[in-house]
Amino acid sequence: MPLYILPVSSNEAIAAHLSHLGDLLELTGANVFRVNAMRRASRSAEGASVDLARLAESEPKALSSVDGIGEGIAARIVELVTTGKCSEEAKLAAQVPAGLPALLQLPGLGPKKVRRLWQEAGVQDIASLATRLDDGTVAGMTGFGAKSVANLKDSIAFQARGIGRFRLDVGWREAHRLLRLLDDQGENPSVLRTAFAGSLRRSRDSIGDVDLLVASDEGLPLMDRFCAAPDVERILARGDTKASIRLHSGLQVDLRVLPLAQFGAALLYFTGSKEHNVALRGRAQDRGLTLNEYGLFPDDGEAAPHTRGVKAIAAATEEEIYAALETPFLPPELREVYGDDPLAAPPAGLLELSHIVCELHSHTTASDGAMSIEELAHAAKARGFHTIAVTDHSKSSAIANGLSEERLRAHIDAIHAARARVPGIQILAGSEVDILADGSLDYSDDLLNALDIVVASPHTSLKQDAGTATRRLLRAIEHPAVDIIGHPTGRVILERPGLEPDIEALAKAAAARGVALEINAHPSRLDLRDAHVRMALAQGAMIAIDCDVHHEDDFDNLRFGVGTGRRGGLTKDRCVNAMGADALQGWLDRDRTHAS
DNA sequence: GCCGTTTTCGGCCCGACTGTTTTCAGTCG
């Protein structure tokens, strides 16, 4: 979709323009390295920890300090931010049919073939491609045979199902199901090790496909088993060491089978990101080495050392490969391109799942949860938590059975009473209070002050413009009763974008007030998202990671929230849920009177 | 278009698989 007429104020919007520009360059036959540079800049913009639009206005020269953005692309960003369009993008868009870039998304079609379909068969968009496939035009072109035609028809039908990316939990579930199937619940002696890689392992907020690795010396039976797995809709590719299937859900799953001795190299390679791999290969080259999916080898100038009996310097584990490259080990979540050094060491004390010792956002049967106060407390205690905050919905969330002021007063008493029945865990009486459209809260100050903890969240009016949303959330942050801003943007992954507030401004105010900004761990939210976490940390804000528990299983979503935090560089000391009981109480007792 | 103790030009990761091909181009990750 051409975006060049929309105002450009967010990093995501800038990234979308650069990506679109990359498509257009590719379709007009530009140098492949220019195209790649544009793609790389787009990804860099998307993950940048600074607000590029603000930088473009205040200090445009600093744009070039972002990895992958040089003078040329910096100038385009300045143009986008100041005029709302990019003249090069507009010029190229005028040369290319508007529906053509969409063809690049069809599996099996790359820039070369799309260009030929456009120039030799007059294909303008997916509809005209379908026509040319049906009337035999495409089958008559050199390089396109009957199989290509059939595959393209399948690709179009698949795309028409509207299946794009998938939520992280879907990938997690399928990855574990298929790996269990392949190793026969751990009983298959030929399976020496299994892992999932790709964006699932990097804990991106959505995934395009699932990558599975199996260490085994007997690949073919595993390929058979994989391709015959329940729920396989179509086998997309199948070789001796690699196969791809599509499930009925539309999710594509790739399997690689390899010797155990090369597992680390393959895991590294297939975990990516692509940019991280490129950076590591560059590091290898600097040291006279060459890195591929089979290992790290001395570079003798010849290709494919693994096929020529060259002994690998490192291959069995990721750790030994990083060590041999004299590069600090990077956990998968940080293998993206951020800032000016993509191979910079991870922050000391990077948050881990085991650091989380309390849950501060949960619901009971009083509003829309499935557990009673006691059941919730027992479930939290069973997870080893020292504190659970009961934060049912406030009165405006009528659809979630939000509590009236009167019901909340009785609920507070019920929570206090439950403390005696569930010893060994602190049960906080709280509320998830709606932040109304104007930034006011859904309960009186008097009632809010009677609570141990207040999570304030936006639930409605999620299409406000950025300025209004920023003012709305700032007002909530500045309310002295508020402790946490819950799912600050209200986005739902793959469904709605949510608010686009000025995260840096919110984080600055939150830092001044001691308010934490939440990473809601539910896989449909992951809100704040990774790039927002980076921005918030840079401004000094504290972060909360909460499961927004409605059902007992929701505690398991913590891994996704922690993954998002780690992607944002979150350390243990900046996460309120990693505080011990005393420190947490100290935070809740902080001075709320000082002005920001 | 970006990048640089091989730095202002000349590189830019590389191997598996597919389909259409008789030796390889294109796509994908």
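Lettering of chains follows the sequences in order, A, B, ..., and the numbering in each one begins at 1. Just so it is clear, the structure is predicted and the values come from calculations on it, not from any experiment.
- Only the C1' atoms considered, dG11(B) is 12 Å distant from dT7(B), to the nearest whole Å.
- Taking the C1' atom of each, dG26(B) and dT20(B) are spaced 11 Å apart, rounded to whole Å.
- Across dT23(B) and dC17(B), the matching P atoms stand 23 Å from one another, rounded to whole Å.
- In this structure, CG of Leu258(A) is placed 14 Å from C1' of dG15(B), rounded to the nearest angstrom.
- Arg225(A) and Asp184(A) are joined by a salt bridge, as a carboxylate oxygen and a charged side-chain nitrogen come within less than 4.0 angstrom of each other.
- Across all strands shown, Leu109(A) has heavy atoms under 4.0 Å from sugar-phosphate atoms exclusively, and none from any base.
- In this structure, Arg34(A) does not reach the dC12(B) phosphate: none of its side-chain N or O atoms is under 4.0 Å from OP1 or OP2.
- If you measure from atom CZ of Arg283(A) to atom P of dC14(B), you get 17 Å, rounded to the nearest angstrom.
- Electrostatic pairing of Asp502(A) and Arg54(A) counts as a salt bridge here, judged by a charged N lying under 4.0 Å from a carboxylate O.
- Residue Arg76(A) is classed as a sugar-phosphate contact, given heavy-atom separations below 4.0 Å to backbone atoms only.
- Distance, Arg43(A) CZ to dC2(B) C1': 16 Å, rounded to whole Å.
- Under the Watson-Crick or G-U wobble criterion, with both distances below 3.5 Å, dC9(B) is paired with dG4(B).
- Using a 4.0 Å heavy-atom criterion, one finds that Leu106(A) contacts the sugar-phosphate atoms exclusively.
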With sugar-phosphate taken as primed atoms, P, OP1 and OP2 and all else as base, the protein-contact string of nucleotides 16-25 of chain B at under 4.0 Å (heavy atoms; B, S, -) is SSSSSS----
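- Between Arg246(A) and Glu233(A) there is a salt bridge, since at least one side-chain N of the basic residue sits less than 4.0 Å from a carboxylate O of the acidic one.
- Each of Phe270(A) and Gly72(A) lies near DNA chain B, and the nucleotide nearest Gly72(A) is the one positioned closer to the 5' end.
- Two rings, from His176(A) and Phe196(A), have their centers less than 6.0 Å apart.
- The interatomic distance linking Arg281(A) (CZ) with dC3(B) (C1') rounds to 18 Å, in whole Å.
- The closest side-chain donor-acceptor pair between Asp183(A) and Gln185(A), if any, does not fall under 3.5 angstrom.
- In this structure, Glu319(A) places its CD atom where more than 12 heavy-atom neighbours from other residues, nucleotides or ligands lie under 6.0 Å away.
- Ser199(A) and Arg204(A) form no side-chain donor-acceptor contact under 3.5 Å, judged by distance and modelled atom types alone.
- One C1' atom belongs to dT21(B), the other to dC14(B), and the distance between them is 23 Å to the nearest Å.
- Contact annotation for Leu25(A): no contact, since no heavy-atom pair falls under 4.0 Å across all strands.
- The interatomic distance linking Leu21(A) (CG) with dC2(B) (P) rounds to 11 Å, in whole Å.
- Within residues 313-332 of chain A, no residue has a heavy atom under 4.0 Å from DNA chain B.
- For Arg40(A), whose side chain is taken as the heavy atoms from C-beta onward, the closest listed nucleotide among dC3(B), dT27(B), dC14(B) is dC3(B).
- Taking the charged nitrogens against the carboxylate oxygens, Glu46(A) and Arg43(A) have no contact shorter than 4.0 Å, which rules out a salt bridge.
- Only the C1' atoms considered, dG15(B) is 29 Å distant from dC9(B), to the nearest whole Å.
- Arg39(A) and Glu26(A) are joined by a salt bridge, as a carboxylate oxygen and a charged side-chain nitrogen come within less than 4.0 angstrom of each other.
- The residues Asp224(A) and Arg238(A) are annotated as salt-bridged, a charged nitrogen and a carboxylate oxygen being separated by less than 4.0 angstrom.
- Between Asp67(A) atom CG and dG4(B) atom C1' there is a gap of 13 Å when expressed in whole angstrom units.
- In this structure, Asn292(A) reaches the dG15(B) phosphate: one of its side-chain N or O atoms is under 4.0 Å from OP1 or OP2.
- Taking atom CZ on Phe33(A) and atom P on dG1(B), their separation rounds to 14 Å, with Å as the unit.
- Rounded to an integer number of Å, the gap from CD of Glu26(A) to C1' of dG1(B) is 14 Å.
- Here the separation of dC2(B) from dC13(B), taken at their P atoms, is 16 Å to the nearest Å.
- Remark: the Asp125(A) side chain and the Ser128(A) side chain contain an N/O donor-acceptor pair separated by less than 3.5 Å.
- dC28(B) and dT22(B) are spaced 24 Å apart, taking the C1' atom of each and rounding to whole Å.
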